[in-house]
Amino acid sequence: MSTPYSALDSLSTRQRSQVDPHAEEYRAEDTTITPSPSGGYMQRLPSKSRLLPLASTVADRSDPEQKKKLDNLFAMRHRFLETDTKSLLQSICDHVELRLGRSKWSFNKQIAYSATALSVRDHMIELWNDTNKYFHERNPKRLYYLSIEFLIGRLLRSNMLSLAIEADYTKALSQIGLHLEEIAEEELDMALGNGGLGRLAACFLDSMATLRLPAWGYGLRYQYGMFKQRVSKEGDQVELPDYWLENGCPWEIKRLDVRYTVRFYGHVREEKHTRTEIRMKKGKILRRRGVNRGELLPYTDGQSFNENDWQLLEMEVPEEVEIEAAPTEYFWENTEDIYACAFDVPIAGYHTLNVINLRLWQSMPKTEFDFNSFNRGSYDDAMRAKQAAETITQVLYPNDSFEAGKELRLKQQYFFVSASLQDIMRRFRNTGMPIQDLPKQCIMQCNDTHPVLAIPELMRILLDDEHLTFDEAWEITQKCFAYTNHTVLPEALEKWSVDLLGRVVPRHLQIIYQINWLFMESIRDQFPDDLADLSIIEETPVKAIRMANLAIVTSIKVNGVAALHTQLLKTTIFRKFFKVFPKKFLNVTNGVTQRRWLLECNTPLGQLYSSKVGTKWATAYKVLRQIEPHIDDAFITQFWDTRRIAKERLAALIKKETGITLNNVDEMLFDVQVKRIHEYKRQSLNILRAIAEYLNLRTLTPAQIAKKCKKMIFFAGKAAPGYYMAKKTIKLINCVASVVNNDETIGDALKIVFLPNYNVSSAQVIIPAADIHEQISTAGYEASGTSCMKFCMNGGIIIGTWDGANIEILEEIGAEQTYMFGLKTEQIDEGRKQRFANGYKMDSRLEEALLAIEGGLFGPKHEFMPFVDAIRHSDNYVVANDFPLYMAAHEQVEKDWLEKNAHGVREKWGRRAILSSIRMDKFSSDRSIIDYSEKIWKIKPCMVPAPIDAP
């Protein structure tokens with residue numbers, strides 16, 4: 001029989017440190033590659049191995065007979081599921097018939113997808129259960145990642161790649177006439193996020209699992225996501241419900257055993273515990289003189305009396321005193337209660353035995369149906385409580401233009417953190433450790449301010465449930481949280497009015513006020529002039545709670561997400577906090593997972609790289625730098641072959657979704673901007689440039705047009721439902737596209753595309769096809785940005801401003817691989833002054849573009865006047881200042897694109913694209929998570945040990 005750690009010799013030093021107490025402890029500086037199992041022993045599980053070492057599979061039961069029965073039961077599950085073709089087909093068939101209730105007569109691609117996904121999930125659940133049990137046994141310090149968004153994307157191929165079983169399933173499906181690529185298209189994206197915040201969280205979970213960290217994610221299970229975006233015939237954004245659950249989600253596991261009560265509204269009752277004591281004190285009394293000598297009366301200062309009758313004496317007198325017998329208790333009463341029900345999504349590490357968990361909460365009513373109201377004929381009232389409860393997790397980011405929307409957002413955020421904290425505390429209590437050890441066992445990372453209500457919620461639990469004093473609870477809470485900031489815009493920092501927060505969660509408002517009082521007292525002497533800005537309570541114009549201030553005051557660390565962003569936090573919006581807490585602030589530059597954003601989404605390019613340096617780059621991106629000496633003409637030609645495949649895929653998607661045909665994609669420059677639509681991201685600058693180029697093309701002869709760089713300018717992204725100017729920008733893009741794409745005089749010289757409903761799945765088609773990508777936000781406004789990282793990993797060349805992560809990317813890949821332009825952060829204020837100074841002359845091409853809009857070339861003038869007026873009369877995002885510099889950069893892009901060698905190959909461009917890709921190791925999310933683990937969380941990998949070989 002093998003020993004429990006029979007595979008130890010084949011593990012790396014860092015891997016051995018998790019199973020061998022005598023192994024040398026892992027330190028990041030020991031190696032240049034990430035602590036991953038790629039290239040280690042785990043390429044696939046031995047087909048007849050046990051699930052876990054024997055000691056971990058035996059239940060510890062006090063009843064010997066019960067223990068024996070359980071051993072007999074789970075002896076059936078001591079082996080991993082087989083992955084041979086016959087076993088996989090049997091698994092798929094079983095799920096079709098026994099789980100989905102279908103047969104061969106009702107077997108279609110959607111059923112094939114669901115059955116295949118459930119089959120893959122079976123393999124994941126084996127490892128998921130083992131991982132959870134192993135974490136329970138080892139009891140390491142755990143990270144809990146709190147994020148209101150997790151933009152996960154499709155999981156079928158991703159999970160197959162992580163488990164190293166994609167080839168097995170591809171072969172098995174082919175035996176029944178199915179192609180994996182086709183059935184994978186049946187999967188709907190999990191609508192759990194909107195943009196970069198959610199996609200970052202998903203990348204981080206992938207890296208946490210791959211690096212074998214003891215970590216969990218917590219989020220919300222939105223029934224309809226944010227919205228499904230469509231475009232009307234007139235070019236307007238149309239918001240529709242995103243029914244991503246219409247066919248069920250095979251990856252989630254409904255946990256009927258995990259349910260918590262979440263409370264709202266009500267009031268707080270104080271119960272003071274006092275007792276009466278008689279104490280002697282110095283006092284004054286009056287003693288009667290004369291016949292009744294000796295009579296005593298109490299005396300009050302200032303009281304008049306007849307000195308002939310009374311004598312004033314000082315002496316010890318008794319006094320009744322009320323003293324505190326026990327701390328005051330607070331009872332949150334008369335609340336409206338609902339349930340938080342758990343849905344778990346296993347997250348597989350790449351080629352590891354570790355599968356961690358993402359727990360999502362769905363709101364459910366405590367009272368499903370009011371039968372009395374129904375019997376009285378009040379049918380709507382009978383369902384009112386159910387509807388009110390379920391509304392909380394129906395939609396991501398309810399429109400908060402109205403008070404009802406604000407209240408729903410607040411309830412959504414508190415619901416999220418209350419359920420998560422209750423779950424975290426339950427897990428901690430099960431360890432049997434004293435409550436004072438909570439910081440030794442868990443650290444909670446707040447991904448932006450949405451989860452920051454977790455701070456007063458933990459305080460409430462420690463005070464009201466654990467009965468700690470306020471000082472004791474505050475000391476613990478300050479060691480349990482860390483905060484990631486994602487914005488430098490003061491107006492984007494979340495605030496809640498005191499009236500609203502006090503009505504929805506009154507106990508938490510009390511706690512926040514007490515926290516603020518303690519903080520103000522601690523800094524009053526040292527920073528007397530800064531108290532108003534540092535206070536958690538904003539006094540004007542409306543009394544409100546500043547959630548970012550609460551997060552900074554409480555957290556052990558506050559991090560920005562790019563070097564420039566972190567510096568701006570220290571010098572602008574949080575400069576006064578930086579004076580108070582200089583050691584709290586640090587930078588952790590964002591990253592993305594190369595496994596989804598290169599290996600999975602651009603398989604031909606990934607295979608090309610693996611043919612040169614092997615597959616270790618999937619978990620150690622720096623390995624790709626070894627390709628650099630081998631970039632010759634043949635390799636560049638192979639790179640262009642992979643790019644052509646990617647462009648053809650995107651062209652097919654564009655044709656399917658918009659009806660626009662792209663011809664000769666090899667020669668066409670794919671110029672891509674995909675982002676949330678926002679004024680500071682400056683889709684406005686891009687579409688104005690497109691108009692200027694179109695107007696120029698109309699002045700040329702056919703012969704001149706034929707010599708121009710052919711290009712497709714591509715947009716995708718959603719505007720928030722209440723964001724008027726962003727929605728106007730989308731309409732302008734679509735109206736310009738309609739005119740340009742139907743102008744036969746310019747042929748294929750210019751095409752403009754807006755692809756609706758941008759999501760992870762479409763991004764995986766778009767990003768590999770981009771020749772250049774637009775990262776053109778106003779300098780100083782973008783915290784980091786992660787789309788720039790995904791594009792560069794795939795060989796897209798960046799055209800960008802001096803903002804966010806663009807600067808760090810330039811430092812890593814080299815300035816020669818970029819087109820940078822525009823004002824720098826420190827020049828923006830002066831640029832605004834010059835913009836509206838006497839004598840300023842707008843670039844003639846921009847003026848012509850604005851006149852074309854005003855003249856109705858792209859639709860009725862009144863439709864776009866708000867857009868034009870914003871550029872002409874306010875231009876807060878310095879579009880006019882940067883426009884000529886932007887046009888010059890694009891002129892250079894066109895010149896470089898047209899340059900070919902003697903063999904007709906874009907050799908220089910190809911070399912730059914490859915260098916952009918292989919030098920992006922700093923921007924792997926694996927590096928980001930290692931930084932978080934070492935600098936903030938102080939957690940170490942917890943590697944599930946190798947399975948025991950079957951006898």
Side-chain angles (χ1 to χ4, degrees), residues 146 148 262-268 330 332 335 392 397-398 400-418 420-421 444 446-464 470 473-474 477-478 480-487 489-524 530-555 558 569 573-574 576-577 580-581 584:
L146 308 179
I148 204 79
V262 179
R263 299 182 288 167
F264 300 103
Y265 306 114
H267 69 270
V268 180
Y330 296 87
W332 188 8
T335 55
I392 291 175
Y397 299 142
D400 60 358
S401 301
F402 311 97
E403 285 303 313
K406 290 185 174 70
E407 185 168 332
L408 182 56
R409 275 207 188 194
L410 178 59
K411 291 177 69 175
Q412 191 176 77
Q413 292 184 14
Y414 177 65
F415 170 84
F416 164 46
V417 301
S418 175
S420 301
L421 263 293
M444 286 166 271
C446 294
N447 191 26
D448 217 336
T449 54
H450 310 112
V452 169
L453 277 173
I455 292 169
E457 174 67 359
L458 178 58
M459 287 290 293
R460 185 197 65 78
I461 292 170
L462 296 177
L463 292 168
D464 300 350
F470 199 96
W474 182 231
T477 301
Q478 289 180 94
C480 289
F481 289 94
Y483 163 53
T484 299
N485 173 275
H486 287 278
T487 183
L489 304 178
E491 64 272 19
L493 296 176
E494 201 166 41
K495 301 174 187 176
W496 295 111
S497 76
V498 166
D499 287 344
L500 176 61
L501 198 139
R503 186 172 73 254
V504 175
V505 281
R507 179 70 178 117
H508 298 71
L509 182 62
Q510 290 181 333
I511 291 169
I512 291 169
Y513 265 98
Q514 183 68 9
I515 291 172
N516 192 57
W517 183 86
L518 287 174
F519 175 56
M520 291 289 97
E521 289 300 304
S522 70
I523 63 171
R524 187 177 302 280
D530 298 333
L531 296 181
D533 292 327
L534 294 170
S535 175
I536 297 169
I537 316 298
E538 182 177 70
E539 299 294 338
T540 58
V542 176
K543 204 163 191 176
I545 305 300
R546 298 162 167 158
M547 302 307 290
N549 290 24
L550 176 59
I552 295 170
V553 169
T554 308
S555 299
V558 176
L569 294 183
I573 58 172
F574 296 146
K576 293 185 178 180
F577 274 109
V580 179
F581 303 117
K584 271 196 181 186

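Worth knowing before you read on, the calculation uses all heavy atoms, side chains too, and leaves out hydrogens, waters and symmetry mates. For reference, positions follow the sequence shown, starting with 1.
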Flag the pair [X] / [Y] as yes when at least one side-chain heavy-atom distance between them is below 4.5 Å, and no otherwise.
X	Y	answer
Val498	Tyr513	yes
Asp533	Phe574	no
Thr335	Phe264	no
Val505	Ser418	no
Leu453	Leu501	yes
Met520	Ile536	no
Trp474	Leu462	no

Could you grab the distance from atom [atom1] of [X] to atom [atom2] of [Y], nearest 0.5 Å is fine?
X	Y	atom1	atom2	result
Arg503	Glu407	CZ	CD	4.5 Å
Gln413	Ile392	CD	CD1	12.0 Å
Thr477	Arg460	OG1	CZ	12.0 Å
Glu457	Leu421	CD	CG	5.5 Å
Ile545	Ile512	CD1	CD1	5.0 Å
Trp517	Ser522	CH2	OG	10.0 Å

Would Ile511 and Gln514 satisfy side chain to side chain contact (heavy atoms under 4.5 Å, CB included), going step by step from the backbone distance to the final call? CA-CA 5 Å; Ile511 291 169; Gln514 183 68 9; 5.7 Å; no
Excluding sequence neighbours, so at least two apart, what forms side chain to side chain donor-acceptor pair (under 3.5 Å) with Asp448? none
Hits for salt bridge (Lys or Arg N to Asp or Glu O under 4.0 Å) against Asp499, two or more places apart or cross-chain, chain-then-number order -> none
Taking only residues two or more places apart in sequence, or in another chain, which ones meet Glu494 in a salt bridge (Lys or Arg N to Asp or Glu O under 4.0 Å)? none
Test item: side-chain donor near acceptor, Arg507 and Gln510, under 3.5 Å: yes
Looking only at the side chains, is there a donor atom on one of Asn549 and Ser535 sitting less than 3.5 Å from an acceptor on the other? no
Would the Tyr414 and His508 ring centres measure less than 6.0 Å apart? yes
Where [X] and [Y] come nearest, the two heavy atoms and their spacing:
X	Y	answer
Ala473	Leu463	CB-CD2, 4.0 Å
Gly405	Pro398	O-CB, 4.4 Å
Leu493	Ala548	CD2-CB, 4.1 Å
Gly266	Pro506	O-CG, 3.8 Å

Would you find a donor on one side and an acceptor on the other, under 3.5 Å apart, between the side chain of Lys584 and the backbone of Ile552? yes
Can you check whether Asp400's main-chain N or O pairs, donor with acceptor, with Lys406's side chain at less than 3.5 Å? yes
How far apart are the C-alpha atoms of Val504 and Trp496, what are their side-chain angles, what is the distance that settles it, and do they pass the side chain to side chain contact (heavy atoms under 4.5 Å, CB included) test? CA-CA 11 Å; Val504 175; Trp496 295 111; over 6 Å; no
Only one of Val452, Leu458, Ile455 forms a side-chain contact (heavy atoms from CB on, under 4.5 Å) with Thr554, so which one is it? Ile455
Evaluate the ring planes of Phe577 and Phe581, with Trp represented by its six-membered ring, and classify them as parallel (under 30°), tilted (30 to 60°) or perpendicular (over 60°). parallel
